[in-house]
Amino acid sequence: MGGGGSTRRVTFEADENENITVVKGVRLSDSVIDRMKEPSSPSGRQHRGAGAVNDEELKKRIAEELALERARRDSEAQKRRLKQEQMYVRDEFGKLLERERISSNEHLTRAILRERAATEEERQKAQRLAKQVEEKERELKKHDAYYKEQLARLEERSAQFYKVTTEQYKKAADEVSARFK
């Protein structure tokens with residue numbers, strides 16, 4: 001740092017306030033910059049006029065490089081934020097889909113259980129109705145057999161009554177014919 005000569009070249013520029021200069025990320029005060037600009041030898045004074053032009057070019061180049069670096073960092077930061085946001089959105093979307101899937105499965109399960117219960121109820125109702133129909137058919141067969149039996153008895157009685165009546169008629173007709181001959 002001291003009095004030894006250095007062959008190292010440093011570029012710098014003034015900031016907005018013209019107080020501090022940034023040298024590729026290092027801040028320097030005006031007094032340090034003035035000392036750096038002062039020639040230490042007579043040959044340094046000759047370069048001073050040409051150095052002013054080079055200083056302007058260097059300042060522009062450094063400003064452009066800093067702007068590009070900032071833009072690159074901002075771009076990378078935006079890419080990282082975008083990736084993080086995409087990951088967050090994917091995670092949230094995945095969670096939402098999972099909740100929807102669970103909800104739809106529960107809804108579907110409830111609907112299936114309701115349908116099974118309704119089907120079982122219909123099956124039992126159909127069995128009850130089938131038993132009722134069979135019972136009614138048995139009852140109708142009993143009634144049919146009973147009425148056929150009754151009809152047969154009535155026909156037999158009717159035939160006996162007819163026979164008796166026919167015999168009595170013939171007898172009465174013979175008696176009347178015999179009386180009035």
Side-chain angles (χ1 to χ4, degrees), residues 1-140:
M1 264 232 231
S6 174
T7 58
R8 197 166 172 193
R9 191 165 179 109
V10 178
T11 57
F12 56 92
E13 69 175 0
D15 66 356
E16 308 86 329
N17 300 332
E18 297 292 333
N19 294 334
I20 299 174
T21 301
V22 177
V23 178
K24 291 206 179 189
V26 177
R27 294 179 168 267
L28 303 172
S29 66
D30 283 339
S31 61
V32 172
I33 292 170
D34 289 337
R35 278 187 274 149
M36 288 173 68
K37 285 182 179 179
E38 288 179 14
S40 57
S41 65
S43 64
R45 289 183 189 219
Q46 292 171 353
H47 279 338
R48 190 164 185 195
V53 173
N54 287 338
D55 286 346
E56 290 300 319
E57 283 181 29
L58 286 175
K59 286 181 184 181
K60 285 181 184 177
R61 201 184 294 156
I62 290 173
E64 289 173 0
E65 287 178 12
L66 288 174
L68 287 173
E69 183 65 23
R70 280 190 209 120
R72 187 185 61 76
R73 279 193 224 130
D74 289 346
S75 174
E76 288 176 0
Q78 284 179 339
K79 285 180 185 177
R80 281 193 301 272
R81 281 193 302 269
L82 180 62
K83 284 183 182 179
Q84 288 174 348
E85 287 175 3
Q86 285 175 341
M87 294 288 282
Y88 177 75
V89 168
R90 274 194 204 125
D91 289 346
E92 288 301 312
F93 190 66
K95 289 175 186 176
L96 179 65
L97 285 176
E98 183 65 20
R99 284 192 299 255
E100 286 295 319
R101 186 185 62 78
I102 289 169
S103 174
S104 65
N105 283 346
E106 289 174 356
H107 180 69
L108 184 62
T109 302
R110 279 188 246 127
I112 289 171
L113 290 175
R114 279 194 304 267
E115 285 300 316
R116 284 183 183 167
T119 303
E120 181 63 23
E121 187 177 316
E122 287 293 322
R123 187 185 63 77
Q124 289 175 353
K125 186 177 180 181
Q127 285 178 344
R128 281 194 308 268
L129 290 175
K131 285 180 182 178
Q132 288 176 353
V133 167
E134 287 175 7
E135 191 176 310
K136 288 281 185 185
E137 284 179 358
R138 273 188 258 129
E139 194 175 313
L140 284 174

Selection residues 112-122 - residue pairs positive for side-chain hydrogen bond (donor to acceptor under 3.5 Å, both in side chains), sequence neighbours left out = E120-R123, E120-Q124

key: Interatomic distance, E100 atom CD to N105 atom CG [nearest 0.5 angstrom]   = 11.0 Å

ask   = Residues two or more places apart in sequence or in another chain: which of them pass side-chain contact (heavy atoms from CB on, under 4.5 Å) with A130?
value = none

query = Roughly how far, to the nearest 0.5 Å, is the CG atom of L140 from the CD atom of E135?
reply = 11.0 Å

inquiry  = Using a strict threshold of under 4.0 Å (side-chain N to carboxylate O), is an ion pair present between E64 and K60?
reply    = no

key: Q86 atom CD, over 12 foreign heavy atoms within 6.0 Å   = yes

ask   = Taking atom CZ of R80 and atom CD of Q78, what is their separation to the nearest 0.5 Å?
value = 10.5 Å

Any R99 side-chain heavy atom under 4.5 Å of L96 side chain = yes

Carboxylate-amine/guanidinium contact E69 R73, below 4.0 Å = yes

key: Min side-chain heavy-atom separation M87-Q84 under 4.5 Å   = no

ask   = How would you list, by chain and number, every residue that makes a side-chain contact (heavy atoms from CB on, under 4.5 Å) with E98, sequence neighbours excluded?
value = R101, I102

ask   = If you measure from the Lys or Arg side-chain nitrogens to the Asp or Glu carboxylate oxygens, is any gap between E92 and K95 under 4.0 Å?
value = yes

inquiry  = For a salt bridge (Lys or Arg N to Asp or Glu O under 4.0 Å) check, start with the C-alpha distance between K136 and E139, then their side-chain angles and the critical distance, and finish with the verdict.
reply    = CA-CA 5 Å; K136 288 281 185 185; E139 194 175 313; 5.2 Å; no

message = Please report the interatomic distance OG1(T109) to CG(L113), rounded to the nearest 0.5 Å.
response = 6.5 Å

